[in-house]
Structure formats: structure tokens, C-alpha cells
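Numbered from 1 within each chain, the chains take letters A, B, ... in sequence-line order.
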There are 2 protein chains.
Amino acid sequence: MKVTIKDIAKKVNRSITTVSRALNGYDDVSSKTKALIIKTAQEMGYTPNTFAQRLQKQFTDTIGLILPTFSPRFADPYFSELLAGIGNKAATLDYDLLVSTRAPGEQEIEAYRKLIEGGRVDGFIVVRTRKQDARIDYLIDREFPFAAFGRSEKNSDYSYVEEDGYYGMQLIAEYIAGLGHKDIAVIISDPMLNFTGERMSGLRDGLSSHNISLKNEFIRTGDLTQKSGYDNALELLKRSDRPTVIIAFNDLMALGAMSAAQELSLEVGRDVLVTGFDDIPMSEHSHPPLTTVRQPVYTIGGMLCEMLIKIIKKEITTHQQELFKPALVIRQSTGEVDSLSEE
Amino acid sequence: MKVTIKDIAKKVNRSITTVSRALNGYDDVSSKTKALIIKTAQEMGYTPNTFAQRLQKQFTDTIGLILPTFSPRFADPYFSELLAGIGNKAATLDYDLLVSTRAPGEQEIEAYRKLIEGGRVDGFIVVRTRKQDARIDYLIDREFPFAAFGRSEKNSDYSYVEEDGYYGMQLIAEYIAGLGHKDIAVIISDPMLNFTGERMSGLRDGLSSHNISLKNEFIRTGDLTQKSGYDNALELLKRSDRPTVIIAFNDLMALGAMSAAQELSLEVGRDVLVTGFDDIPMSEHSHPPLTTVRQPVYTIGGMLCEMLIKIIKKEITTHQQELFKPALVIRQSTGEVDSLSEE
DNA sequence: GTTGAAAATCAAAACGTTTTGGTTTATACT
DNA sequence: AGTATAAACCAAAACGTTTTGATTTTCAAC
């Protein structure tokens, strides 16, 4: 049924060795037969059997990505975009991408081990790094190729890409302080995550240079979902001493916070300002459009992929470490004049 | 480095055949050695080499999914959710999911062919079926296992799952007509897509039973993105005879339409009503929350996956065809009273 | 203590490639 | 014509499994 190298060999009356070598462009086969073989392969519709190839060459042309998520039903556009960035780059470089999801913990490391032992992948992309990151410790220990989206507190002796969260939050702080606000609430993310600390420091430092400090009651922890932004904002805004600004640690929570405000008939951008972090596509088309910090997730995904493949191919041996300077994107959720409705 | 069956064989002083058979639970190996072998395999951290297995058994435990999308950077939550549904079900059934994206056309079929010929996948899930669908024709012709999300005009002699788009749009039509509106605009999807026709008929029939007909100027075609919803709605709403209702063929376009309305200082739910289709997670938390038709995409993804695997394993031989009755979800974008702000 | 059947084990082939280490054939040089 | 060199080709091994078709061992029954 399926055409193998053997069928071609028989047809052109050569050994399978020659066919293989012709197809792989070795120069110890005459250009005449090489042409013939390639033409015949074409005609017969030959496609090499990937598994046989991978078994023989001892690599898999596959990179692994295990999304750390509690619910398998992650609808986070941030991850979709990252995934698209990684996946598309992988495809252009002729790599497969093997994706699965696993909640942080025991099972997670086991999943990494299985893929490595089973010879399933050549390397990993590790995302959403944590302060203490067992995945990174494990991979370093095993000396298995990987590239990470984000640093880790303990051990940063590996290749990574990250946005400068400290700087990003400083931008927000400067901007908000510049608008004269003082009653500022913040919805942060899980303190285990490495970027939470980064962003918090940036925010604190940025505000304190304007002599503003965050009240403890105005610091709430969300789980990066729209719902948690909504819930937290609702509680904040129902207080008699409600804040005039809500700074969320990602866009999804910011969007949730805007809904909460609108639910309470507050006008976002006037009665309360809201900012996010990430600049997911939706944030440009929300109402009002969201002021946020742009993190080029799609691009970062591509870079990570490229970086990892270079590591796998041993094209680079030193650790590559990229720290992006993110940019502030000012939109109407912080009160900028709406360019369309001129009133 | 990596533990193979051979290493185990040496350790327990048995042949590799015995080890293999023990590990696979055959009963022609004594329970004592079976136990020993399993224990040793555990201890040595053995994980079978997937590629060797797949080469030998002639199947791949992999299902293919080629997303038909023009831009590889698809951030459509609809697809994310479908993907999650398929992927998670596949994982629980011990199947891999091989995903790639390809724009409709020549290249698309070629991608299918490559995966089949290369023995990469055991079957496909085909999504977003078209009226004339070359993918389906090809797969039927090749007699290759597949399950589709949606029917096709020409040839529906295969296994599929679909929501009843005709019925869904009828629900919308009834509801809107019941509210007394007559100036109704609609943002439809590409007429090539099979569901476009279904939904359009449902809408037309539903409205005409209330003696309402759609004006041609009020019918616009979008590409299912938020931006196209925004653009189309903007044009519709700037007319002097602007419609009082905008019915979008998916949620993303509906959300875009809401932004456009708000941009023009129209209150959604009062000055103009907006409806969607799909009920993506975001629609519940938009402002105002979106009235739409619930399509359980996550579940459908899982069903498709299950269906396909049964076909692959030849557990079913007749074509399974499921048509979901979707449900109307009424929210504030069509003027329902907001339950929280009691005023 | 044979015998025969059942239980336990195994050697070898196969899956479709690539790679190794040749051998054969053609070509060029004395 | 003989030899060295280069060009073209190829048989066999290898990758790590599963499967086929034995062969060996055990043990009950005579």
C-alpha cells in the first residue's frame, strides 16, 4: 500500500542504500541515478516513514511543551498566542510540537521524565517559571536541552527569554502616579510565580519614588483568570474607601475588573482606572480599550523555539538570555480621550 | 543511558521476548517472572521507545488535526476550546494529537497526504467543513479514518458531530422578533462554510414566520474575527437608517460589534441589541454580557475524538452522526435587566 | 521411569529507515 | 597492460520494539 524505499529500489534496480543516499543528497551516487531516483520517488508518491527515521537517527525532531495548568480547559488567550508562536516557528523549522497539560506537582515531573525516557522529544520549552522550579532543577540535573520563558529565583543558569516585568510595572507606576492618583489597588498573581515578584517590586519602587505606598487591604491575589479579576475587583470597588485605580497583573484579570466596575455603574477611565499586563489581542477591542504593557508573546514563543532548536543542534553552547524591555500601551481604560467620539 | 528492553532482559536473565511479553501482560509467562520483570522495569525506570513500538505495530496512536486558517496566528478562543476538548480526550485515551495549520487550498490536501503516506497518523479530525469539501472527498476516496465537525453539502456519508445551526438561529430569530424588532442586520460568515447556509436559513425562516424579511443592505459578510465584527458594525451603525439589532454569526464578531456600538456612544441592550453564536467563555464576562447560542465546543471536541478513535479501532463500522440542539443563552446585550445594578 | 500435554521460555524475523564498511566499476596515469 | 585512484554502488548491521513459530522445561498420569 504505502510506498517504501524498498519499492523504489526495486523499480530503479538499485540497492536500498543507494536510494536512501540519493534521497538524502549524498554525493557518492551518480547524478544520473540520483535524478532518476528522485523522479521515481516523486511519481510513486513516496513519503518517508517518520518513525523508522526517528528510530534510526537517534533524535525525534520533536519538542515538548507541558502547560502547567490546573484545569485542562485553559482558555487563556495568552497561552494560545504563545502556543501559536512556538508551533509556527517549530513548523517552519520542520519540528513537531508535542503538547500536553499537567498541573504543577509530582505528576508534572513524571510527565517530563516519561517523555525523555521514551525518547519522545529532543528538548523542552518550559513556561511560567516559578521561584523554586522543580522542572528546571530536573532538566538541568538530567542535562536535557530546554529553553524557558522566564527566570527562576534559585538557579538562572540556563537559556531563557523574558520580558522585564520590573521595568514594565515601573512604567505603569510612573504613568498612574503622573495622573495624580493615590488610592491604588492591585490584583497580583500567585506569589510562587517568578514574575509576580518582579512585577511587584517594579510597581512598589515606581510608586515609592512618588511617595506612594500600597495599602495592604488594596493588595489582592488572583489566579490570572477573568473571573478572578472580576471577583476581586467587585470586592475592592464595593468598599466605602474604594480605590480609584486597579492595576491587574495580567490583561484577563483587568478585563474582569472592568466588567465588575461597569456592573457597579462606574465608568472605567473616569470613575476608576484599570490597567493590565500582556496586551492580548482582545485588549485592543475591549470597551474601553485597555491600557496595558505590551509583551510580544507570539514573538517570544518563536524565539524560544528557535533558541531551543539551536541548543539541540548544539549550534550554541553558551546560555542565551534575553530580557525584553516591554512598552506601555496607553488606551482609554485610564481615561485617554476616545479618538472617535468627539464630545 | 536510556533503559531498553534488552537491559532488563540481561538483568533478569531472560530473553527479550519474555520481557516484552511480560510487560504486555501475555499469559504465557509465569507469574513469578512476570512480577520480577515488571518490578525490575519499574526500578530501572524503563519507558518504551515510542517510535520503535509504532514502527513495529503498524499504527501510530496519533490523530491529526489540520486547522484551516489563513493567518497562522489564530487567536480564536473557539479553536482553543475545541483544541482543548480534542487534546484532553486524546490524552486520556493515550493518543497523541498532531496539530498544524494550513490555509484552505492545494497545500492543505498535500498536508493531509503527507501525514497519511508518512504513516504519521491513524486518522483525522476535520473541522469547519465547507459546502464543497476537498478534504472530505479526499479522505473518503482514500478510505482513511476521519470524523468531522460539521456536515458538507455534497457528501454527508461519514461520521460527524454538529450543532443544529438552523435550529439555533431560529431561536435567535424567535427571540428577537418577540421583542418587536424589525430593523435587523446580520453579519454572516463566509458562504463557503457549510454552517453559514444552515444558520442563514434558520434565521430567514424564523424571521419570516413573523413576517420580517432581511434587507439586503443589512446583510454583511465578516471573517469571524473580532475586528471584522467591529468594522462591519461600524458601517451599519453609521447609517441614518441604522438597524436596532445586529445578529452576528459568531461571538467574536458580536463582541467586535458591541465595541463599535459603544464607540459610537450607543448603549448595547438599549439603543442596539447584539447577539452572537458559540458562547465562548469570554461572552459571559463581556460588558454587557452577550446573548448568544450555546455550542458546547469543548464537549464536541471530546466526542469527535472518541468517535474517531472508535472508527480507527474498528469498534464501530456504521457512520455516527450527531446533531446537537443548541440552547439560547439570554444576557444583557439584548436588554435583559442587569441583576446586579438594581436601579 | 516413561510419556504426553501444558507451561514457560526463546531465537529469529519483521517494521522502514540510515550508517558502516566495504566491493565493484570506470577513469587516469605510467 | 598494469596499476592507482576516484566514482558508483551495495550487503549487512543497527535503532528498539512485537510477533511468529519454535524449543525447552515441568509435572501429572500411567
Here the distance between atom C1' of D:dT19 and atom CG of B:Leu23, to the nearest Å, is 15 Å
How many whole angstroms separate atom NZ of B:Lys34 from atom P of C:dA8?
9 Å
Looking at every strand, decide which applies to B:Phe59 at a 4.0 Å heavy-atom threshold: base, sugar-phosphate, or nothing.
nothing
With B:Glu108, the salt bridge (Lys or Arg N to Asp or Glu O under 4.0 Å) member among B:Arg102, B:Arg113, B:Arg130:
B:Arg130
Send over the distance from B:Arg120 CZ to C:dT17 C1', rounded to a whole Å.
15 Å
Taking only N and O in the side chain of A:Tyr26, is any of them less than 4.0 Å away from OP1 or OP2 of C:dT19?
yes
Just to be sure I understand the rule, does A:Asp28 reach a base, reach only the sugar-phosphate, or reach nothing, if contact means heavy atoms closer than 4.0 Å?
base
Quick note, B:Arg21 side chain, CB onward, closest among C:dT17, C:dT20, D:dT20 is D:dT20
Using modelled atom types and a 3.5 Å cut-off, is there a donor and acceptor pairing between side-chain atoms of A:Asn24 and backbone atoms of A:Ser20?
yes
With no angle test and no hydrogens, is the base of D:dT18 tied to the side chain of B:Gln56 by a donor-acceptor pair under 3.5 Å?
yes
How many angstroms lie between atom CG of B:Leu115 and atom CZ of B:Arg120, to the nearest 0.5 angstrom?
7.0 Å
Are OP1 or OP2 of D:dC10 and a side-chain N or O of A:Thr17 less than 4.0 angstrom apart?
no
Separation of D:dG16 atom P from B:Gln58 atom CD, nearest Å, is 19 Å
Go nucleotide by nucleotide along DNA chain C from the 5' end; which of A:Ile5 and B:Arg14 gets its closest nucleotide reached first?
B:Arg14
Look at the side chain of A:Ser30 and the base of D:dA7, then say whether one donor and one acceptor between them are separated by less than 3.5 Å.
no
When the distance from NZ of A:Lys6 to C1' of D:dA12 is rounded to whole Å, what number comes out?
13 Å
From the set D:dT18, D:dA12, C:dT17, return the single nucleotide nearest to any side-chain atom of A:Gln53.
C:dT17
Which nucleotide in D:dG16, D:dT20, D:dT18 has an atom nearest any side-chain atom of B:Leu55
D:dG16
Distance check needed: D:dT18 C1' versus B:Asn49 CG, whole Å only.
13 Å
Does C:dT9 have its OP1 or OP2 closer than 4.0 Å to a side-chain nitrogen or oxygen of B:Ser15?
no
Assign B:Thr4 to base, sugar-phosphate, or nothing according to its heavy-atom contacts below 4.0 angstrom with the strands shown.
sugar-phosphate
What is the separation between atom NZ on B:Lys2 and atom P on D:dG16, rounded to the nearest whole Å?
8 Å
Atom pair CZ/CD of A:Arg151 and A:Gln321 - distance to nearest 0.5 Å
9.0 Å
Could you check how far CD1 of B:Ile16 sits from C1' of C:dC10, rounded to whole Å?
9 Å
When B:Phe124 is tested against each of B:Tyr112, B:Phe146, B:Phe149 for ring pair (Phe, Tyr, Trp, His ring centres under 6.0 Å), which residue passes?
B:Tyr112
